[in-house]
Amino acid sequence: MRIGVFGGSFDPIHSAHLEIAEQAIGELHLDKLIIMVAGTSPNKPNAEAAPAEMRLKMAGIAAKDIPGLEVCDWEIVRGGMNYTAETLDALETAYPGSEFYLIIGSDKVPGLKGWYRYEDIVSRAKIAVVLREGSDRTGLKEEAGDLLFLSVSARGISATEIRQRLFSGLPVTGMVPQGVEDFIYEQGFYFPQGIREIQSRLRAALTPDRYSHVCRVMEQAADYAERFGVDPEKARLAALLHDCAKCMDKKEQFALSGESEYIPAILHAPAGAVIARTDYGIEDPEVLQAIRLHCTGDEGMSDLDMLIFLADMTEHGRDFPSVNAIRDAVWQSLEHGMLVALVYEDRYLREKNAAIHPAAGRAIQYFKRKESAL
Ligand SMILES: [Fe+2]
Ligand SMILES: [Fe+2]
């Protein structure tokens with residue numbers, strides 16, 4: 001068998017890693033490529049980095065989509081310092097008679113000769129180098145002799161940048177596979193402590209499906225916040241808490257809502273704004289208003305209000321008819337997205353003979369006036 005080994009901390013695994021993996025499998029004609037997820041290095045403790053077990057799970061989620069890709073937990077299980085030579089020892093025992101290819105970044109080449117048991121490594125594995133953009137292979141050959149080169153040049157995505165973006169509420173759409181993004185948002189390990197605390201309380205207050213929906217709304221809200229220049233941290237907080245009262249008893253929701261008419265489907269929005277303040281300690285009136293208006297909308301909505309309303313309706317798990325028409329409308333503007341979404345909702349409620357909240361009626365008229373004023 002021809003086996004590639006691609007090691008790293010994968011914190012998190014991202015699209016550039018996967019591009020390298022696919023290219024390596026094709027160009028080196030590998031039967032399999034093993035993603036070797038490194039254990040936590042005792043010399044580089046990093047409070048913000050994900051635990052080994054989470055890095056392993058993310059790699060597993062990503063690998064499912066690529067034939068030939070496998071994830072190995074050997075370095076993590078073994079613990080302590082991991083040396084490539086020892087990893088190769090273990091792989092030779094597991095796959096006797098195989099040909100091994102070690103995939104490394106060109107930035108690792110200058111230090112290669114200093115690796116523990118270097119001669120042993122190069123006598124047992126061929127080294128395949130991924131060129132970083134702008135690096136030149138002639139200098140590399142002189143430094144480390146017999147090298148293979150992969151014709152991918154690692155795209156400008158770095159795990160550090162991904163972690164920083166997630167910490168600040170910026171989107172990572174397309175930088176990691178969708179399944180990995182969902183996992184990161186649900187687990188929250190790259191988010192600030194305050195967000196993680198709310199997440200753990202919501203996990204107890206909501207059903208698992210509702211909690212997953214809330215996390216997808218956070219993803220969509222991050223994306224819209226960047227697209228429309230809305231404060232990403234407010235967007236994240238409002239998205240996270242928008243359905244915080246959804247799984248409470250309807251009568252309790254009604255009592256909290258301050259509504260005079262009992263319209264069950266929308267009560268959790270005004271009730272949620274109350275719970276967000278009293279139970280989760282959120283004082284920001286803009287965030288509370290976005291939670292309150294996320295079902296009905298209203299006239300004079302702020303960008304944040306519209307963003308949460310639309311992120312809730314268009315998160316990637318939604319598949320009702322017209323959802324794509326609403327997504328397309330949001331590309332034009334938040335206001336246009338609102339109009340298309342409200343018209344859809346109004347028609348849907350009328351068809352079901354369901355009650356329409358007065359705020360929804362005001363909202364639809366408001367966005368119609370705005371559109372005709374253009
Ligand atoms: Fe809701
Ligand atoms: Fe929702």
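In this chain, numbering begins with 1 at the start of the sequence shown. Just follow the structure's listing: the first ligand is 1, and inside any ligand the first atom is 1.
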>> Going by side chain to side chain donor-acceptor pair (under 3.5 Å), name the pairs with one or both residues in residues 57-69, residues two or more places apart or in two chains.
In response: none
> Do Asp209 and Ser212 have a side chain donor and acceptor closer than 3.5 Å?
Replying inline: no
> In terms of side-chain heavy atoms, does His336 have a donor or acceptor partner in Glu371 at a distance below 3.5 Å?
Replying inline: yes
> Does the ring of Tyr280 carry Arg201 above it, NZ/CZ under 6.0 angstrom from centre and within 45° of its axis?
Replying inline: yes
> Mind checking whether Tyr116 and Tyr83 have parallel, tilted or perpendicular rings, split at 30° and 60°?
Replying inline: tilted
>> Let's go through Arg318 and Asp312 carefully: what are the C-alpha distance in whole Å and the side-chain angles of both, what is the deciding distance for salt bridge (charged side-chain N to carboxylate O under 4.0 Å, His left out) to 0.1 Å, and is it a yes or a no?
In response: CA-CA 9 Å; Arg318 298 284 200 196; Asp312 183 29; 3.1 Å; yes
> What protein N/O/S atoms lie closer than 2.8 Å to the Fe ion (ligand 2)?
Replying inline: His213 NE2, His242 NE2, Asp243 OD2, Asp312 OD1
